[in-house]
Amino acid sequence: MRLSEYYLPTLKEDPTEAQVTSHRLMLRAGLIRQASAGIYTWLPMGLRVLRRVEDIVRKEQDTAGAQELLMPTIQSADLWKESGRYDGYGKEMLRITDRHEREMLYGPTNEELITDVFRQTVRSYRDLSKILYHIQWKFRDEVRPRFGVMRGREFLMKDSYSFDIDFEGAQRSYNKMFVSYLRTFAKLGLKAIPMQADTGPIGGDLSHEFIILAETGESEVYCHKDYLNYDVLMEETNYNEDLSETVKKWTALYAVTDEKYDEKKANQLKDKLISARGIEVGHIFYFGTKYSKAMEATITGPGGEVIYPEMGSYGIGVSRLVGAIIEASHDESGIIWPESVAPFQVGLINIRSGDTDCDNASNDVLSKLKNAGFDVLFDDRDERAGAKFATMDLIGLPWQVIIGPRGIKNGYIEIKKRDTGEREDISVDAALSKICG
RNA sequence: CGGAGCGUGGCGCAGUCUGGUAGCGCACUUGACUGGGGGUCAAGGGGUCGUAGGUUCAAAUCCUAUCGCUCCGACCA
């Protein structure tokens, strides 16, 4: 992609409305624009990142055995009256009336809808266990949206729902999701720690929040230092096997959000205790038969008996993750994308656009990078070198390839790694193999 | 929802107290110079001052209402 043609409206100055780093950088780097409070348009480069995050989430869900479907954003109020949540949910729910005066709503979550689908279609214990998920936009009419996409009113969420015939089955589903969350966040380049947390208005008895640590986090969290050294990707995961050991390992140490903070327990950790700010990027619940009972979703058991399936739900804030990743990965100059979610892997800078040698060398490197399978953003604009460097640092692509008259004369180009800032004068071939890494 | 603040060109702001017909920086356009960390000079284009009423000879400025946005608190993927 040529930057001279790409729709990337960057800002040199900070917009006043953006108070937190990720929000500021997302606006400045041309990823999003605010449409109204807590509602955003995703511009091409922001959308690329959002899609990559979504893909990583989707892939791990599929690997864990969850199956994707797609439920609507607009739901009938009737289902919510059945579950008893219509009145309970309060003003956060955006209520809509259609032309026939039917009460509708823009879904803040989908337990009712999935339970309705389930009860219409599943009859026998033989059909379980099932984990179904979708990645869909939600709306919660937050009193006070803030922090950009991290606390928007409209947000993209991956929500999974598990159905099992008994508690043991539900526990297995819970564990699958637990481990898949660890792996998902790790693949996104994040250190997420599962923490005990309040179950909230959604209900349930067993739940973990997945929190990433970042200075600008919204709440105070406390955990054992050793969690920072755990790496779930070091081990093979087979989702068909018993995952309880992995879950045990990740829940054995102390890790809580401020709601569950217990001074006595925390003090026992002594110097192993970390207290930090955290951003919630995932939340998993086991809630048993809460919805299956309320909505009469029953199946037949092996002995012909009526069974209310045991359920759980599992959410990942996909759009929030984009902000959270930036909170966890940036510097004074801009964003530092982890390779796994970067909108382009390489930013190619032609320092002297219009200079024949530089143009030729740039086009040559561009096609070589493309042939090697890289997504490249080529800054071919007629701008000063400084402006190009600043833009490239701001948008945070993992690699920068810099082509200028100085290097061309001496037969080298330059590569820079965005995260470390390391620069190297190097031949074209050496650069390629370095980036292929 | 309680408290506070802000709406003036795409962005950041001054002007409002003390009314006299809108200005600065960045961005944008054109030209020249320049050329490795957001350049210099020159010449330009763009704003019914959030909206609606009112006061006045005259309103960005004063009054009333209304909408939007931001921040602090309570709430939250």
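From a predicted model like this one, the values you see are computed outputs, not experimental measurements. Lettering of chains follows the sequences in order, A, B, ..., and the numbering in each one begins at 1.
- When both distances must be under 3.5 Å, the Watson-Crick or G-U wobble mate of B:U66 is B:G50.
- At a cut-off of 3.5 angstrom, the base of B:C76 holds no donor-acceptor pair with the side chain of A:Arg140.
- The closest donor-acceptor contact from the side chain of A:Ser22 to the backbone of A:Ile326 lies at 3.5 Å or more, if one exists at all.
- Counting only N and O atoms by type, the side chains of A:Ser83 and A:Glu111 include no donor and acceptor under 3.5 Å apart.
- Going from the P atom of B:C49 to that of B:G7 covers 14 Å, rounded to whole Å.
- A donor-acceptor contact under 3.5 angstrom links the side-chain atoms of A:Glu13 to the base of B:G25.
- Of the side-chain N and O atoms in A:Lys12, none sit less than 4.0 angstrom from OP1 or OP2 of B:C26.
- A donor-acceptor contact closer than 3.5 angstrom is absent between the side chains of A:Ser160 and A:Lys176.
- Going from atom NE2 of A:His23 over to atom C1' of B:C69 covers 11 Å, rounded to whole Å.
- If you take atom P in B:G38 and the same atom in B:A27, they sit 12 Å apart, rounded to whole Å.
- At the heavy-atom level, A:Gly354 lies nowhere under 4.0 Å from the strands shown.
- Of the side-chain N and O atoms in A:Gln34, one or more sit less than 4.0 angstrom from OP1 or OP2 of B:U70.
- Here A:Lys138 lies out of heavy-atom contact (under 4.0 Å) with every strand.
- Rounded to whole Å, the distance from CZ on A:Arg153 to P on B:G68 is 9 Å.
- B:U30: Watson-Crick or G-U partner is B:A42, with both key distances under 3.5 Å.
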Between A:Leu79 and A:Thr115, is a side-chain contact (heavy atoms from CB on, under 4.5 Å) present by the stated rule, with each step listed? CA-CA 9 Å; A:Leu79 288 175; A:Thr115 304; over 6 Å; no
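- A:Arg33 comes within 4.0 angstrom of nothing in the nucleic acid, heavy atoms only.
- Going from atom CG of A:Asp425 over to atom P of B:G36 covers 15 Å, rounded to whole Å.
- Side-chain to base pairing of A:Thr391 with B:G38: one donor and one acceptor N or O lie within less than 3.5 Å of each other.
- Taking the P atom of each, B:C6 and B:G45 are spaced 33 Å apart, rounded to whole Å.
- Between A:Tyr230 and A:Trp250, the ring planes are perpendicular. Angles over 60° get that label, and only those under 30° would be called parallel.
- Within the 4.0 angstrom heavy-atom criterion, base atoms lie near A:Asp382.
- If you take atom P in B:C11 and the same atom in B:U16, they sit 23 Å apart, rounded to whole Å.
- For B:G2, the paired base is B:C72 (Watson-Crick or G-U wobble, both distances below 3.5 Å).
- Across all strands, A:Gly404 comes closer than 4.0 Å to base atoms (heavy-atom distances).
- Taking atom CZ of residue A:Phe389 and atom P of nucleotide B:G35, one finds them 15 Å apart after rounding to whole Å.
- For B:U70, its base never sits under 3.5 Å from the side chain of A:Arg146 at any donor and acceptor pair.
- At a threshold of 4.0 angstrom between heavy atoms, the contacts of A:Gly407 include nucleobase atoms, whether or not backbone atoms are also involved.
- Residue A:Ala387 is in base contact, counting any heavy-atom pair closer than 4.0 Å across all strands shown.
- The partner of B:A14 is absent, by the rule that a Watson-Crick or G-U pair needs both atom distances under 3.5 Å.
- If you check every strand for non-hydrogen atoms under 4.0 Å, A:Gln19 touches sugar and phosphate atoms only.
- Per the geometry, CZ belonging to A:Arg144 stands 4 Å off P belonging to B:C72, to the nearest Å.
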Take A:Lys91 and A:Asp141 through the test side-chain contact (heavy atoms from CB on, under 4.5 Å) and record every step on the way to the result. CA-CA 7 Å; A:Lys91 291 199 164 178; A:Asp141 199 358; over 6 Å; no
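- Annotation: B:A60 and B:G9 have their C1' atoms spaced 14 Å apart (nearest Å).
- Residue A:Asp393 places a side-chain atom within donor-acceptor reach of the base of B:G37, judged by atom type and a 3.5 Å distance cut-off alone.
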